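Here's the structure we're looking at; comments come further down.
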Protein chains: 2
Amino acid sequence: MVTLAKVAEAAGVGESTVSRVLRNHGSFSRKTRDRVMEAVERLGYVPNRIAGTLASAGSRLVALVIPSLTNIVFADVLRGASGILEESQHQAVFSVTDYDPEKEEALVAAMLAWRPTAVMLAGFEHTESTVKMLRASGCRVVELLDLDGTALDLAVGFSNRAAGAASADFLLRRGYRRIGYVGHDPDRDTRAAKRFAGFRETLGAAGVPLVDREIHAGASSVESGRSGLERLLARTPDLDAVYFSNDDMALGGYFHCLAHGIPIPARLALFGHNGLDIGRVTPQPLSTIRTPRVVTGQVAAELVVADAPSQVVDLGFELIEGATA
Amino acid sequence: MVTLAKVAEAAGVGESTVSRVLRNHGSFSRKTRDRVMEAVERLGYVPNRIAGTLASAGSRLVALVIPSLTNIVFADVLRGASGILEESQHQAVFSVTDYDPEKEEALVAAMLAWRPTAVMLAGFEHTESTVKMLRASGCRVVELLDLDGTALDLAVGFSNRAAGAASADFLLRRGYRRIGYVGHDPDRDTRAAKRFAGFRETLGAAGVPLVDREIHAGASSVESGRSGLERLLARTPDLDAVYFSNDDMALGGYFHCLAHGIPIPARLALFGHNGLDIGRVTPQPLSTIRTPRVVTGQVAAELVVADAPSQVVDLGFELIEGATA
DNA sequence: AGATTTTTTGGCAGCGCTACCAATTTCAGT
DNA sequence: ACTGAAATTGGTAGCGCTGCCAAAAAATCT
């Protein structure tokens, strides 16, 4: 293996000189620079960041602990973050919790062992032990895509509660009164649960009851949205609008209606959440709320890179009227 | 910061004893084990893997360099790989190339600085310099989702060429003769280009010409599939079947037909590639080819973890008849 | 030319851990 | 109790790099 010492020897200079040249830090003459670079090229030297990190403290590693990769939402956040991190010479490390707080705890512990600059997590719901570790670690913590709770350090996203409320408000203003809900596992996906809570609260405040609901036990998917709506309608045929836990679910519902000739939104209105691209290309664009997923990742990364003080950044959301409600 | 030395002191034992207990390696009495663990708990010690790796060589870091996170395909591979890696105490590190070989080169260099156990890349098309670095690094290399080319070390996936050929064969057997293609940037997505090549070859062998094609310059998306089909049909209205570069594109085409009342497959047949879940929930399930994406990630990770000898693993693919062709 | 400042350079002590080896303790077996 | 083997333990030399400091070289000024 080629080490810095070998490069130094080959170039006929000291180790620290090579180190300075490679990091372009401190001073050195043009001549030695060329000599060093020549040796680096010739030997095919690749610096060892493990050693570099150990010697200098800053790891420039950012840990992303996300609930799922199936859900595009987190892939979007990852994408936003990794773009910014790359620009500033940081490395993204990630793992997937499957929406399981215990697993999150284990993964955070594993991540902390790499002494990351920052750890990014989804939401505010963590085990006690996770919080304790994070606090003790001294590294920056960013909680993403949720604002309804208390932040540990940095938080970037939007209020799910408010998004749910805005969705309800929209449906009410459109005159829908017999409203149902098709959702997925609320214990795991606490952000979806918060949206639903905000949604019901707003309905309640308007004196409109939630007529019926259908909860799929597993993760959200197009198929569970489809079958969920099917079951809901079988039980309560006279609904005039359905709120879905997210766009994947809503698309499933939309396909169900298409397949069964249920006129949308005349006979039944559909409302989703997330504003996925695909929902804008369907024959009728999906009525939904567009969430700032990529930007959330970007802003989170920027804050970490800049070592910004603790703060909560509300990126808001945007209601897309669409044509399904 | 709590270090191993402090734990050793607190527990009244030597450093190496703590190290052995923590790694559960070598021998130690139950009594000292308890004493060490008590100190670890009390001080909230988290081992430093940076130091550990430097001291012991094996990093247990696996680098994933993928073209895109927008395309679910790679998120699936990531998911498959990260599941297996986690089980065996490895860490996934990733970065995104945006289908740019130059960027891939830069990212591979950055990854190699972490001395990963293995580097996983998409496909066989890499710059000369990338190949050189990879070779020199001594770490395992896995090339994913492509078999049409020469592997550097390990390769896991399926033949895109064969998938394209199978798609053409299917359409021909169904009797379609006026066939068109809607695709995306073939210079970037070389695997899509290989599918298209296999597709045309098979058509050609049957004496059936490819009537027309529409290539979108950017990345694949539902919207570019929709607009691509729209343009294709405007130019060549009498097509009876269209092959798409992937399911996202095909879904866009499907939506276009739905919106314009074009009967499927009576008037126009559609065929995609990937076998995404969503394509099975549309009113008419999409005719497509299901690719082993998650399994590709899993097998790749297993091979790396087991330090298997160089080999090529063909996971094959499965044609889904669906109802759109 | 000599003195002083500035730039460039090399040496070396860690960073926190693991691997190896030698020292110590424990445990059987006589 | 005594010996050899087995089980435990601690000491210490790195892993490859960076940061600090002092030495050397070059540049600038009397």
Side-chain angles (χ1 to χ4, degrees), chain A residues 1-37 39-40 43-61 89 91 110 112-117 137-139, chain B residues 1-37 39-40 43-61 89 91 110 112-117 137-139:
Chain A
M1 205 71 254
V2 187
T3 65
L4 186 143
K6 289 193 189 143
V7 174
E9 195 189 331
V13 300
E15 292 184 36
S16 28
T17 303
V18 177
S19 176
R20 266 176 309 225
V21 170
L22 255 31
R23 283 174 302 140
N24 194 33
H25 176 280
S27 69
F28 44 82
S29 69
R30 167 163 275 293
K31 200 171 60 187
T32 48
R33 199 200 70 119
D34 292 343
R35 215 133 53 102
V36 168
M37 292 316 275
V40 165
L43 302 182
Y45 171 67
V46 177
N48 184 334
R49 281 188 77 159
I50 301 273
T53 299
L54 182 61
S56 71
S59 77
R60 290 183 162 272
L61 229 39
Q89 311 287 314
Q91 263 301 330
L112 254 20
W114 289 103
R115 299 292 186 270
T117 301
S137 74
C139 74
Chain B
M1 207 70 253
V2 186
T3 65
L4 186 142
K6 289 195 188 141
V7 174
E9 195 189 331
V13 300
E15 292 185 36
S16 27
T17 303
V18 177
S19 175
R20 267 178 308 231
V21 170
L22 255 29
R23 282 175 304 140
N24 194 32
H25 176 278
S27 69
F28 44 82
S29 69
R30 166 162 277 291
K31 200 171 59 187
T32 48
R33 198 199 70 118
D34 293 342
R35 215 134 51 101
V36 168
M37 292 315 275
V40 165
L43 301 181
Y45 171 67
V46 176
N48 184 334
R49 282 188 77 160
I50 301 272
T53 299
L54 183 60
S56 71
S59 77
R60 291 183 162 272
L61 228 40
Q89 311 286 314
Q91 264 299 331
L112 253 21
W114 289 101
R115 298 291 186 271
T117 302
S137 74
C139 73

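No experiment lies behind these values; they were computed from the predicted model shown. Letters A, B, ... mirror the listed sequences (proteins, then strands); counts begin at 1.
- Shown for residues 18-26 of chain B: residues whose heavy atoms fall under 4.0 angstrom of DNA chain D, namely R20(B).
- What separates CH2 of W114(A) from C1' of dC17(C) is a distance of 12 Å, to the nearest Å.
- Ranking dC17(D), dT9(D), dG19(D) by closeness to the T17(B) side chain, first place goes to dT9(D).
- A distance of 10.5 Å separates OG in S19(A) from CZ in F28(A), rounded to the nearest 0.5 Å.
- In this structure a side-chain-to-backbone donor-acceptor pair under 3.5 Å is present from T117(B) to R60(B).
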Practice problem: Could you walk me through whether L61(B) and W114(A) pass side chain to side chain contact (heavy atoms under 4.5 Å, CB included), step by step? | Solution: CA-CA 10 Å; L61(B) 228 40; W114(A) 289 103; 3.5 Å; yes

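- Listed nucleotides dT8(D), dC17(D), dG14(D) differ in distance to S29(B); the shortest reach to its side chain belongs to dT8(D).
- Comparing the end axes of the helix from dA1(C)-dT30(D) to dT30(C)-dA1(D), each fitted to five base pairs by superposing C1' atoms of four pairs onto the next four, gives an inter-axis angle of 30° (nearest 10 degrees).
- The distance from atom NZ of K31(A) to atom C1' of dA26(D) is 11 Å, rounded to the nearest whole Å.
- In this structure, the CZ atom of R35(B) is 13 Å from the C1' atom of dG10(D), given to the nearest Å.
- A donor-acceptor contact shorter than 3.5 Å is absent between the side chain of K6(B) and the backbone of Y45(B).
- Between the CZ atom of R33(A) and the P atom of dT7(C) there is a distance of 19 Å, given to the nearest Å.
- Sequence order on DNA chain D of the closest nucleotides to V46(A) and G14(B) puts G14(B) first from the 5' end.
- Considering only the side chain of T32(A), dT9(C) comes nearest among dT9(C), dG10(C), dG16(D).
- For the OP1/OP2 pair of dT9(D) and a distance below 4.0 Å, the side-chain nitrogens and oxygens of S16(B) include no atom meeting the criterion.
- The shortest distance between the side-chain N/O atoms of S27(A) and the OP1/OP2 oxygens of dT7(C) is not below 4.0 Å.
- Taking atom CG on L4(B) and atom P on dG16(C), their separation rounds to 11 Å, with Å as the unit.
- In this structure, of dT9(D), dC15(D), dG16(D), it is dG16(D) that holds the atom nearest to the side chain of N48(A).
- Expressed to the nearest 0.5 Å, how far CG of N48(A) lies from CG of L54(B) amounts to 6.5 Å.
- When rounded to the nearest whole Å, the span between CD1 of I50(A) and C1' of dT18(C) equals 14 Å.
- Distances shorter than 4.0 Å separate none of the side-chain N or O atoms of T53(B) from OP1 or OP2 on dC17(C).
- Not one N or O on the side chain of T17(B) forms a donor-acceptor pair closer than 3.5 Å with the backbone of V13(B).
- Atoms CD and CZ, on Q91(A) and R49(A) in that order, are 6.5 Å from each other to the nearest 0.5 Å.
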Notebook entry, point to check: Hey, mind stepping through V21(A) and M37(A) against side chain to side chain contact (heavy atoms under 4.5 Å, CB included) and telling me if it holds?
Noted result: CA-CA 8 Å; V21(A) 170; M37(A) 292 316 275; 4.0 Å; yes

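- Between R35(B) atom CZ and S29(B) atom OG the span is 8.0 Å, to the nearest 0.5 Å.
- In the set dT9(D), dG10(D), dG16(C), the nucleotide with an atom closest to the side chain of L54(B) is dG16(C).
- Across the protein-nucleic acid pair, E15(B) atom CD and dA13(D) atom P stand 13 Å apart, rounded to whole Å.
- In this structure, of dC17(C), dG19(D), dC17(D), it is dC17(D) that holds the atom nearest to the side chain of T3(A).
- Atom NZ in K6(B) sits roughly 10 Å away from atom P in dC17(C) (whole-Å rounding).
- In the set dT9(D), dC17(C), dC17(D), the nucleotide with an atom closest to the side chain of F28(B) is dT9(D).
- In this structure a side-chain-to-backbone donor-acceptor pair under 3.5 Å is missing from S137(B) to L112(B).
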